[in-house]
Amino acid sequence: MKFIRSKIIGHGHYTPKKVLTNDDMAKIVDTNDEWITTRTGIKSRCVVEEEVNSDLSFHAAEMALKTAKISAQDINLIVLATITPDNTTPATAIRVGQKLGVKSGTPAFDLSAACSGFVYALTMADNMIRLGQVKTALVIGAETLSKVTDWTDRNTCVLFGDGAGAVVLQAVEENGTNQDIGILSTKIFADGNNYDHLKTTGGVSTTQTTGFITMDGKEVFKAAIGCLAQAAEEAAQIAGINVKDIDWLLPHQANIRIIDGVGKKLELPEEKVIVNIAPHGNTSAASIPLALSEKITDGTIKKGDLIILTAMGAGFTWGGAVIRL
Ligand code: UT7
């Protein structure tokens with residue numbers, strides 16, 4: 001019996017040209033390279049100047065279409081995970097579709113799940129593909145977090161960066177086993193009891209502003225390793241694979257100490273854990289697709305590799321996915 005899976009047939013990433021190093025940050029707030037490096041693993045972050053979210057998304061998507069060797073006309077769905085859209089409405093995904101030149105009528109929407117946004121978006125697109133509703137989907141994670149950063153708050157402003165990553169998913173017929181190519185499982189979670197630990201200080205319906213990111217770092221840190229490990233383990237269980245058999249763990253890039261902690265909790269050797277936080281910082285929904293595309297591009301992640309994605313962020317939201325590339 002045929003079994004539909006979503007296969008990643010293309011990948012793309014893009015970051016703005018302007019880079020702020022830790023030394024640059026020390027000129028903005030009372031901080032230093034040593035603190036930022038040892039506490040977070042971050043060395044620099046990219047920030048937008050003139051560009052907006054749909055520009056970053058467009059460039060990442062363009063590369064994803066190119067590596068997939070398909071045209072924008074072949075896309076049947078766009079899902080864009082972000083908390084920093086161009087406008088409150090319409091969805092930035094629709095602007096990206098217009099810039100790419102997708103067919104009129106192609107559904108496109110934004111999805112808000114903070115740092116777990118890409119795993120949530122992948123889940124939505126994968127389910128629509130497996131239901132036979134669409135054949136080819138563009139899934140993007142993109143953020144201009146510099147626009148919701150309080151540049152006077154050293155607790156948060158050193159952490160975040162701007163960027164975008166994208167994948168093209170396409171329906172393929174597989175056997176329905178854990179040896180298949182494509183997305184083997186997804187699992188998403190949320191818990192509103194942690195709503196206030198990481199949020200913006202405002203929003204459309206409350207303050208008629210976007211507000212700035214505020215975080216109780218310690219509370220988020222305490223929960224992060226457990227959430228990331230749980231999402232990875234449950235996604236592995238659904239896929240019918242053992243965590244120890246994966247080639248790569250690709251965790252959300254928020255803090256090197258969290259990344260190391262989740263690798264240890266899952267008893268994975270360091271070499272299997274993807275880390276690219278140093279040049280980017282925390283790019284929220286962009287973090288996982290940006291790292292995935294960079295590591296496929298530089299040859300680290302190869303066709304056939306078994307990967308677990310795991311993410312956690314504001315809400316709290318968290319989620320995992322198992323993919324055989
Ligand atoms: O993306 C969603 C998920 N987000 C996360 O996973 C983030 C989770 N949290 C974290 O990564 C960490 O909690 C932080 C990196 C945000 C903070 O690290 P920490 O080890 O928890 O530091 P802390 O908040 O306990 O602060 C320690 C000290 C404080 O000084 P005092 O009160 O001990 O004198 C802070 O004021 O470090 C100080 N501090 C800084 N010093 C220099 C805080 N930020 C800075 C800074 N530069 N940028």
Side-chain angles (χ1 to χ4, degrees), residues 20-45 81-84 112-120 141-146 148-163 165 188-192 194-200 212-232 249-263 265 273 275-278 280-291 309-320:
L20 289 179
T21 63
N22 289 348
D23 288 339
D24 294 328
M25 295 307 299
K27 292 178 195 139
I28 301 171
V29 286
D30 180 13
T31 190
N32 55 73
D33 176 53
E34 203 267 331
W35 191 95
I36 303 172
T37 305
T38 55
R39 307 304 280 181
T40 73
I42 299 165
K43 295 300 280 184
S44 62
R45 65 289 291 145
T82 190
I83 55 164
T84 48
S112 171
C115 301
S116 313
F118 183 75
V119 175
Y120 266 65
E143 301 287 6
T144 53
L145 292 179
S146 60
V148 286
T149 296
D150 176 354
W151 290 95
T152 65
D153 176 16
R154 72 173 183 174
N155 291 296
T156 54
C157 73
V158 301
L159 304 174
F160 302 110
D162 300 339
I188 50 176
F189 308 85
D191 179 357
N194 302 291
Y195 190 95
D196 292 318
H197 291 322
L198 173 52
K199 63 178 185 181
T200 56
F212 294 110
I213 296 172
T214 169
M215 173 166 68
D216 182 343
K218 277 210 184 318
E219 286 298 327
V220 182
F221 196 106
K222 268 199 283 181
I225 295 172
C227 288
L228 290 164
Q230 181 198 5
L249 179 75
L250 202 178
H252 169 52
Q253 307 284 307
N255 186 316
I256 189 66
R257 293 181 290 142
I258 294 173
I259 296 169
D260 288 346
V262 69
K265 197 169 165 75
V273 182
V275 181
N276 84 335
I277 193 171
H280 298 302
N282 180 349
T283 57
S284 191
S287 142
I288 286 180
L290 178 58
L309 312 181
T310 184
M312 181 270 183
F316 294 150
T317 56
W318 63 109

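Here the structure is a predicted model, which is why all the values come from computation and not from measurement. Both counts, for ligands and for their atoms, begin at 1 and track the order of listing.
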A.B. asks: What residue and heavy atom of the protein are closest to atom 4 (N) of ligand 1, and at what distance?
C.D. replies: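 I find the closest protein heavy atom is Val220 CG1, 3.6 Å.
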
A.B. asks: What class does the angle between the rings of His197 and Phe316 fall in, given that below 30° is parallel, 30 to 60° is tilted and above 60° is perpendicular?
C.D. replies: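 Correct class here is tilted.
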
A.B. asks: Out of Arg154, Lys222, Met312, whose heavy atom sits nearest atom 35 (C) of ligand 1?
C.D. replies: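 It is Arg154 whose heavy atom sits nearest to atom 35 (C) of ligand 1.
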
A.B. asks: Right, does atom 37 (O) of ligand 1 have protein non-hydrogen atoms nearer than 4.0 Å?
C.D. replies: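 At least one protein heavy atom is under 4.0 Å away.
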
A.B. asks: Which pair of non-hydrogen atoms, one from Tyr120 and one from Trp318, has the smallest distance, and what is that distance?
C.D. replies: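 Between these two residues, the closest heavy atoms are CE1-O, 4.0 Å.
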
A.B. asks: Report the nearest protein non-hydrogen atom to atom 25 (O) of ligand 1: residue, atom name, distance rounded to 0.1 Å.
C.D. replies: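 Going atom by atom, the protein heavy atom closest to atom 25 (O) of ligand 1 ends up being Lys218 NZ, 2.4 Å.
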
A.B. asks: For Ala231 versus Gly319, what's the shortest heavy-atom pair and its separation?
C.D. replies: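 Closest approach of Ala231 to Gly319: CB-C, 3.4 Å.
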
A.B. asks: Evaluate side chain to side chain contact (heavy atoms under 4.5 Å, CB included) for Asn22 paired with Arg45, printing each intermediate quantity in order.
C.D. replies: CA-CA 8 Å; Asn22 289 348; Arg45 65 289 291 145; 2.9 Å; yes

A.B. asks: What part of Val29, side chain from CB on, backbone N/CA/C/O, both or neither, has a heavy atom under 4.0 Å from ligand 1?
C.D. replies: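 Neither; nothing of Val29 gets under 4.0 Å from ligand 1.
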
A.B. asks: Between atom CG of Leu228 and atom CD1 of Ile258, what is the distance when rounded to the nearest 0.5 Å?
C.D. replies: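 Rounded to the nearest 0.5 Å, the CG-CD1 separation comes to 7.0 Å.
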
A.B. asks: Is there a nitrogen or oxygen of Thr40 sitting under 3.5 Å from a nitrogen or oxygen of ligand 1?
C.D. replies: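 Min N/O separation from ligand 1 is not below 3.5 Å for Thr40.
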
A.B. asks: When Phe160 is tested against each of Ile42, Val148, Thr283, Leu145 for side-chain contact (heavy atoms from CB on, under 4.5 Å), which residue passes?
C.D. replies: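 Of the listed options, the one satisfying the test is Leu145.
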
A.B. asks: Between Ala285 and Ala81, what is the shortest heavy-atom contact and its length?
C.D. replies: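 In terms of heavy atoms, the two residues are closest at CB-O, 3.4 Å.
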
A.B. asks: Answer with side chain, backbone, both or neither: which part of Thr156 has a heavy atom less than 4.0 angstrom from an atom of ligand 1?
C.D. replies: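 Looking at Thr156 and ligand 1, no heavy atom falls under 4.0 Å.
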
A.B. asks: Looking at every heavy atom in both His252 and Ala311, which two are closest together, and how far apart are they?
C.D. replies: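 What the structure gives for the nearest pair is CB-CA, 3.8 Å.
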
A.B. asks: Nearest to atom 18 (O) of ligand 1, what protein heavy atom do you find, and at what distance?
C.D. replies: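 That would be Arg257 NH2, 3.4 Å.
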
A.B. asks: Relative to the heavy atoms of Val158, which atoms of ligand 1 are at a distance of less than 4.0 Å?
C.D. replies: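 The atoms of ligand 1 under 4.0 Å from a heavy atom of Val158 are 48 (N).
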
A.B. asks: Can you give me the closest heavy-atom contact between Met312 and Cys227, atom names plus distance?
C.D. replies: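 Closest approach of Met312 to Cys227, heavy atoms only: CG-CB, 3.6 Å.
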
A.B. asks: Flag His252 as yes when one of its N or O atoms lies below 3.5 Å from any N or O atom of ligand 1, and as no otherwise.
C.D. replies: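 Yes, since at least one N or O of His252 sits under 3.5 Å from an N or O of ligand 1.
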
A.B. asks: Please list, in number order, the atoms of ligand 1 under 4.0 Å from a heavy atom of Leu198.
C.D. replies: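 Those of ligand 1 that fall under 4.0 Å from Leu198 are 2 (C).
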
A.B. asks: Is the closest heavy-atom distance from Met215 to ligand 1 below 4.0 Å?
C.D. replies: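 Under 4.0 Å: yes for Met215.
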
A.B. asks: So if I count the atoms of ligand 1 from 1 in the order they appear, which ones are less than 4.0 Å from some heavy atom of Asn282?
C.D. replies: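 Matching atoms, with element in brackets: 1 (O), 2 (C).
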
A.B. asks: So, for Val29 and Cys157, which heavy atoms are closest and what is the spacing to 0.1 Å?
C.D. replies: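 Answer, listing the atom of Val29 first, then Cys157: CG2-SG, 3.8 Å.
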
A.B. asks: Picking from Lys43, Lys27, Arg39, what satisfies salt bridge (Lys or Arg N to Asp or Glu O under 4.0 Å) with Asp33?
C.D. replies: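 Among the candidates, only Lys43 passes.
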
A.B. asks: For atom 43 (C) of ligand 1, what's the nearest protein heavy-atom neighbour? Residue, atom name and distance, please.
C.D. replies: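 Here the closest protein heavy atom is Asn155 OD1, 3.1 Å.
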
A.B. asks: In plain terms, say whether Asp260 and Arg257 are close enough for a salt bridge, that is, a side-chain N and a carboxylate O under 4.0 Å apart.
C.D. replies: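 Not counted as a salt bridge, because no side-chain N and carboxylate O are separated by less than 4.0 Å.
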
A.B. asks: Is atom 20 (O) of ligand 1 touching the protein, meaning some protein heavy atom lies under 4.0 Å away?
C.D. replies: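 True for atom 20 (O) of ligand 1.
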
A.B. asks: What is the nearest protein non-hydrogen atom to atom 47 (N) of ligand 1, stated with its residue, atom name and distance?
C.D. replies: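 I find the closest protein heavy atom is Thr31 OG1, 2.6 Å.
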
A.B. asks: Which residue and atom name correspond to the protein heavy atom nearest atom 9 (N) of ligand 1, and how close is it?
C.D. replies: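 Protein heavy atom with the smallest distance to atom 9 (N) of ligand 1: Gly217 O, 3.1 Å.
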
A.B. asks: Hey, is atom 33 (O) of ligand 1 under 4.0 Å from any protein heavy atom?
C.D. replies: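 So far as the 4.0 Å threshold goes, atom 33 (O) of ligand 1 is out of reach of every protein heavy atom.
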
A.B. asks: Could you check if a side-chain atom of Leu250 sits within less than 4.5 angstrom of a side-chain atom of Ile288, using non-hydrogen atoms only?
C.D. replies: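 In short, these two side chains touch, coming nearer than 4.5 Å.
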
A.B. asks: Taking the minimum heavy-atom distance to atom 11 (O) of ligand 1, which of Ile259, Thr317, Asn255 ranks first?
C.D. replies: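 It is Asn255 that holds the nearest heavy atom.
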
A.B. asks: For atom 6 (O) of ligand 1, what is the closest protein heavy atom, and at what distance to 0.1 Å?
C.D. replies: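 Protein heavy atom with the smallest distance to atom 6 (O) of ligand 1: Ile258 CD1, 3.1 Å.
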
A.B. asks: Identify, for atom 39 (N) of ligand 1, the protein heavy atom at the shortest distance, and state residue, atom and that distance.
C.D. replies: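 Its nearest protein heavy-atom neighbour is Trp35 CZ2, 3.4 Å.
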
